[in-house]
Amino acid sequence: LASEESHHINTSMASPSDEIVHEGGCHCKAVRFQVRAPSRYEVVECNCSICAMKGFIHLIVPSAKFKLLQGEDALTTYTFNTGVAKHLFCKFCGISSYYIPRSNPDGFDINVRCLDDYNPDTLAISKFDGQNWEAHASTLEHLSKET
């Protein structure tokens with residue numbers, strides 16, 4: 001878990017030149033997207049109430065690296081607490097394949113389990129203490145910035 005505010009979680013295991021386009025979406029395929037990210041990347045697992053319940057494994061990217069291909073009309077939004085995070089999910093199958101995170105409202109947070117090329121054996125997972133979000137949010141702020 002993030003032990004101090006100055007500790008930044010590193011989610012890139014490759015340089016930007018090693019980036020590829022990953023495709024993904026929801027279970028029923030109504031929502032489809034592309035995200036530009038390294039072929040191997042480090043992701044974040046959060047222990048806050050909603051992430052733990054959804055089983056979300058986070059890959060936060062700048063908005064310029066995300067493209068919704070289809071399904072904007074299939075999405076519905078859930079908000080709570082501050083209302084900054086926009087938890088998007090498919091209104092048909094209920095899957096949350098991505099959302100706009102409170103920590104990085106200028107980017108997108110992709111659930112890597114919803115990527116077509118998802119392989120749990122290749123993930124390096126960092127832990128984030130979302131139960132103490134305010135104390136550790138600064139460790140995620142850089143993830144939606146272009147490198």
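Everything numeric here is computed off the predicted structure, so don't read it as measured data.
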For this session: Under the side-chain contact (heavy atoms from CB on, under 4.5 Å) rule, collect the residues that match up with C48, sequence neighbours excluded.
Result: C46, I50, C51

To the nearest 0.5 Å, tell me how far [X] [atom1] sits from [Y] [atom2].
{"X": "H87", "Y": "S96", "atom1": "NE2", "atom2": "OG", "value": "8.0 Å"}
{"X": "S39", "Y": "D117", "atom1": "OG", "atom2": "CG", "value": "9.0 Å"}
{"X": "E19", "Y": "K65", "atom1": "CD", "atom2": "NZ", "value": "3.5 Å"}

Between [X] and [Y], what is the shortest heavy-atom contact and its length?
{"X": "N132", "Y": "H136", "value": "O-CD2, 3.2 Å"}
{"X": "G71", "Y": "V31", "value": "O-CG2, 3.9 Å"}
{"X": "V84", "Y": "R102", "value": "CG1-CA, 3.9 Å"}
{"X": "P62", "Y": "E146", "value": "CB-OE2, 3.6 Å"}
{"X": "G130", "Y": "N47", "value": "N-OD1, 2.7 Å"}

Exercise. Using a side-chain heavy atom cutoff under 4.5 Å and only I, L, V, M, F, W and Y, what cluster partners does F92 have?
Worked result: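 Direct or chained contacts put F92 with none.
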
For this session: Quick one: name the residues clustered hydrophobically with M53, using the 4.5 Å side-chain heavy-atom rule over I, L, V, M, F, W, Y, and just say none if it's on its own.
Result: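 None, because no other hydrophobic side chain comes under 4.5 Å of this residue.
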
For this session: For the pair K86 (side chain) and G83 (backbone), establish whether a donor and an acceptor sit closer than 3.5 Å, ignoring hydrogens and angles.
Result: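 Yes; at least one donor-acceptor contact below 3.5 Å.
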
For this session: Spell out, yes or no, whether W133 and I60 are grouped together once hydrophobic residues are joined by side-chain heavy atoms under 4.5 Å, including indirect joins.
Result: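 Yes, W133 and I60 fall within the same hydrophobic cluster.
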
Exercise. Is there a path of hydrophobic side-chain contacts, each under 4.5 Å between heavy atoms of I, L, V, M, F, W or Y residues, that connects L88 with I95?
Worked result: no

For [X], all residues meeting ring pair (Phe, Tyr, Trp, His ring centres under 6.0 Å), sequence neighbours excluded:
{"X": "Y118", "value": "none"}
{"X": "F33", "value": "F66, Y98"}
{"X": "H22", "value": "Y41"}

Exercise. What side chain to side chain donor-acceptor pair (under 3.5 Å) pairs are there with at least one residue in residues 69-84, not counting sequence neighbours?
Worked result: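 Matches after skipping sequence neighbours: none remain.
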
For this session: Identify, with sequence neighbours excluded, every residue that meets side-chain hydrogen bond (donor to acceptor under 3.5 Å, both in side chains) alongside Q131.
Result: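 side-chain hydrogen bond (donor to acceptor under 3.5 Å, both in side chains) list for Q131, sorted by chain: empty.
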
Result block: side-chain N/O donor-acceptor pairs under 3.5 angstrom for residues 103-115, not counting sequence neighbours:
{"residue": "N104", "atom": "ND2", "partner": "L140", "partner atom": "O", "Å": "3.0"}
{"residue": "N104", "atom": "ND2", "partner": "E141", "partner atom": "O", "Å": "3.1"}
{"residue": "N104", "atom": "ND2", "partner": "S144", "partner atom": "OG", "Å": "3.0"}
{"residue": "D106", "atom": "OD1", "partner": "S144", "partner atom": "OG", "Å": "2.5"}
{"residue": "D106", "atom": "OD2", "partner": "S144", "partner atom": "OG", "Å": "3.3"}
{"residue": "D106", "atom": "OD2", "partner": "K145", "partner atom": "NZ", "Å": "2.8"}
{"residue": "D109", "atom": "OD1", "partner": "H58", "partner atom": "ND1", "Å": "3.2"}
{"residue": "D109", "atom": "OD1", "partner": "L59", "partner atom": "N", "Å": "3.4"}
{"residue": "D109", "atom": "OD2", "partner": "H58", "partner atom": "ND1", "Å": "2.5"}
{"residue": "D109", "atom": "OD2", "partner": "Y99", "partner atom": "OH", "Å": "3.2"}
{"residue": "N111", "atom": "OD1", "partner": "I57", "partner atom": "N", "Å": "3.4"}
{"residue": "N111", "atom": "OD1", "partner": "R113", "partner atom": "N", "Å": "3.1"}
{"residue": "R113", "atom": "NH1", "partner": "G55", "partner atom": "O", "Å": "2.3"}

For this session: Please list all pairs passing the salt bridge (charged side-chain N to carboxylate O under 4.0 Å, His left out) test where one or both residues lie in residues 20-32, with sequence neighbours left out.
Result: E23-R32, R32-D116

